[in-house]
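Everything on this sheet refers to the single structure shown next.
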Amino acid sequence: MNLRLQFDTFHIDWDLVPEILREVGMGYHPAKTHEIAFNNSYAVVFVFDEENLIGFGRAISDGVCQAAIYDVAIRPAYQGKGIGKMVVRQLTERCSGCNFILYASPGKEPFYEKLRFRKMKTGMALFVDSEKKRERGFTE
Ligand SMILES: CC(C)(COP(=O)(O)OP(=O)(O)OC[C@H]1O[C@@H](n2cnc3c(N)ncnc32)[C@H](O)[C@@H]1OP(=O)(O)O)[C@@H](O)C(=O)NCCC(=O)NCCS
């Protein structure tokens, strides 16, 4: 493994983003939507092994108080090697001093608990696809 981190969106093959999200069982959109979402994010991390994109994550933020983490995904062959932890740490460092919120994929909460995230008692969400999100276990 020869890992390289990239903290901007230059020369990203956007078709790979929905492909990887689909591969790991997360929600995905047309490539252009991800391109806009990553470009409009406050902090982004892309992880490459040599020239191959193997994972990523992004945070939206005001840069001083509040931040939210989205789209943390590591290709299955690279999971369990500390790469996801590294992605989240890079995102939190890049929005230092901020509160962070996120909604974990159901079952992935322990990964974030290891990074000192705690379950929120009053978290509320207004999802575009609210019924689908409820079926997938994100809301009551
Ligand atoms: C969840 C995910 C990002 C974790 O990334 P990863 O590179 O596999 O995780 P790491 O190797 O960095 O693990 C860091 C720590 O969390 C633990 N961990 C990772 N996934 C876990 C899980 N599902 N349940 C419990 N613990 C987990 C690891 O054992 C490790 O513990 P350690 O620090 O004591 O050794 C990755 O598995 C993934 O992409 N999964 C599919 C997509 C997804 O669900 N993304 C999260 C969206 S909220």
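Read the numbers this way: they start at 1 and go in the same order the structure lists the ligands and their atoms. Computed from a predicted structure; not experimentally measured.
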With a cut-off of 4.0 Å, which atoms of ligand 1 are near a heavy atom of Lys85? 12 (O), 14 (C), 33 (O)

Mark whether atom 35 (O) of ligand 1 lies under 4.0 angstrom from at least one protein heavy atom. no

Compute the centroid of each ring, for Phe46 and then for Phe7, and state whether the two points are separated by less than 6.0 Å. no

Looking at Glu35 and Lys32, is any side-chain nitrogen of the basic one under 4.0 Å from a carboxylate oxygen of the acidic one? yes

Counting only N and O atoms by type, is there a donor-acceptor contact under 3.5 Å from the side chain of Glu50 to the main-chain atoms of Asn52? no

Holding to ring-ring contact (aromatic ring centres under 6.0 Å, His included), I want the full list of residues that pass it with Tyr78, two or more places apart in sequence or in another chain. none

Which is closest to atom 41 (C) of ligand 1 in terms of heavy atoms, Ile69, Val24, Val87, Ile54? Val24

Check ring-ring contact (aromatic ring centres under 6.0 Å, His included) between Phe138 and all other residues, then give those that pass, not counting sequence neighbours. Tyr103

Relative to the heavy atoms of Ser105, which atoms of ligand 1 are at a distance of less than 4.0 Å? 44 (O), 47 (C), 48 (S)

Atom indices of ligand 1 within 4.0 angstrom of Lys108 heavy atoms, with elements: 1 (C), 23 (N), 40 (N), 44 (O)

With the side chain counted from C-beta on, respond yes when Val45 and Val88 share a heavy-atom pair under 4.5 Å apart, and no when they do not. no

Out of Lys114, Lys81, Gln79, Arg89, whose heavy atom sits nearest atom 40 (N) of ligand 1? Gln79

Classify the ring geometry between His29 and His34 as parallel (under 30°), tilted (30 to 60°) or perpendicular (over 60°). tilted

Which atoms form the tightest heavy-atom contact between Arg134 and Thr139, and what is the distance? CA-OG1, 3.4 Å

Nearest protein heavy atom to atom 42 (C) of ligand 1, by residue and atom, and its distance? Met26 SD, 3.3 Å

Are any of the side-chain heavy atoms of Arg58 and Ile69 separated by less than 4.5 Å? no

Return a yes/no value for Tyr103: is any of its N or O atoms, backbone included, closer than 3.5 angstrom to an N or O of ligand 1? no

Give the atom numbers and elements of ligand 1 that come within less than 4.0 Å of a heavy atom of Gly82. 10 (P), 11 (O), 12 (O)

Any N or O of Gly84 that comes nearer than 3.5 Å to an N or O of ligand 1? yes

Regarding atom 39 (O) of ligand 1: of the candidates Ile74, Ile83, Val88, Val72, which has the closest heavy atom? Ile74

Would you check whether Ala104 has a nitrogen or oxygen atom less than 3.5 angstrom from a nitrogen or oxygen atom of ligand 1? no

Sidechain N-carboxylate O distance under 4.0 Å for Glu19, Arg75: yes

Given Phe111, Tyr78, Tyr112, identify the one with the heavy atom nearest to atom 20 (N) of ligand 1. Phe111

Heavy atom of the protein closest to atom 8 (O) of ligand 1 (residue, atom name, distance): Gly80 N, 2.8 Å

Before signing off on this row, confirm whether Pro110 and ligand 1 have an N or O atom pair separated by under 3.5 Å. no

Out of all atoms in ligand 1, which are within 4.0 Å of some heavy atom of Ala73? Include the element for each. 39 (O)

